[in-house]
Amino acid sequence: MLRENLSEVEEKIQAACDRSGRRREEVTLIAVSKTKPVEMLQEIYDCGQRVFGENKVQELDEKIPQMPSDIRWHLIGHLQRNKVKYIVDKVAMIHSVDSERLASTIQEEAKKKDCIVPVLIEVNVADEESKFGISLPEAAELIEKIAVYDHISIQGLMTIAPYVKDPEQNRKVFSQLKQLSVDIAGKNINNVTMSVLSMGMTNDYEVAIEEGATMVRVGTGIFGERNYNQVQ
Ligand SMILES: *Cc1c(COP(=O)(O)O)cnc(C)c1O
């Protein structure tokens, strides 16, 4: 059943690429496996999926040693500074950097472990109170501050769009994030590239791809609904 879910998602990604004149290779599918048991992750791995996303440090820490070592793990959820040390050298990318304080902790811990951490700056495009992320107007200034850290590599932007019934309602959010990434790329800041745009989830990833997403984070569409009462 998971195999079918994955192929359905793959087909929709391909269709969205076709509609917008983009190549499939430009879009990375992140299988968001939070709350799901490793048996389910393994099933998706066996279908060829190698990129997984988790939103909690503790869950990542538990799952990484149980899964094959060629998986690229993405931390997509809010990161507390006291947890940075547990994952800084284990993840392929941190999607949720939204403050200079968090960045300076990542810098410190990455220096200790002698690694360079690829990160995205999380932008709260829709300015929702309930969400983490830097506001759209403040993003460029934050990026210029974080760019000085030599153990951090800023590779792009991430947003969590509002929950909406009709994915078309989020098209503007995605196009605004794309525009911001073009504006920031134009500043030619040292140590900053804008090659990654992480946007789009189960409900709206096709629209996100049409608007330029290079990474889509799909959980429910692959693994089914999450049951938060049962797990943890
Ligand atoms: C859970 C989560 C997702 C996946 O959400 P679905 O709607 O299940 O696809 C994507 N991004 C982030 C940051 C998440 O926490």
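Atom set for the values below is all heavy atoms of this structure, side chains included, hydrogens, waters and symmetry mates excluded. Sequential numbering from 1 along the given sequence is applied to the chain's residues. The structure displayed is predicted, hence computed values, not measured ones. Counting starts at 1 for both ligands and their atoms, following the listed order.
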Just list the side-chain donor-acceptor pairs under 3.5 Å for residues 144-151, sequence neighbours left out, or say none.
from	atom 1	to	atom 2	distance (Å)
Asp150	OD1	Gln107	NE2	2.8
His151	ND1	Cys115	O	2.9

Give the C-alpha distance, both sets of side-chain angles, the deciding distance and a yes or no for side-chain contact (heavy atoms from CB on, under 4.5 Å) between Ile160 and Met201. CA-CA 8 Å; Ile160 302 176; Met201 311 182 6; 3.9 Å; yes
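Residues Asn5 and Met1 are in side-chain contact: their nearest non-hydrogen atoms beyond the backbone lie under 4.5 Å apart. Using a 4.5 Å heavy-atom cutoff, the side chains of His95 and Glu122 are not in contact.
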Which pairs of N or O atoms, one from ligand 1 and one from the protein, are separated by less than 3.5 Å, and what is the distance for each pair?
from	atom 1	to	atom 2	distance (Å)
ligand 1	8 (O)	Thr220	N	2.8
ligand 1	8 (O)	Thr220	OG1	2.5
ligand 1	8 (O)	Arg226	NH1	2.8
ligand 1	8 (O)	Arg226	NH2	3.1
ligand 1	9 (O)	Thr202	N	3.0
ligand 1	9 (O)	Thr202	OG1	2.4
ligand 1	9 (O)	Gly219	N	2.8
ligand 1	11 (N)	Arg217	NE	2.8
ligand 1	15 (O)	Lys34	NZ	2.6

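In this structure, the side-chain contact (heavy atoms from CB on, under 4.5 Å) partners of Gln179, at least two apart in sequence or on a different chain, are Val182, Asp183. Every residue was checked against the side chain to side chain donor-acceptor pair (under 3.5 Å) condition with Ser69, not counting sequence neighbours, and none meets it.
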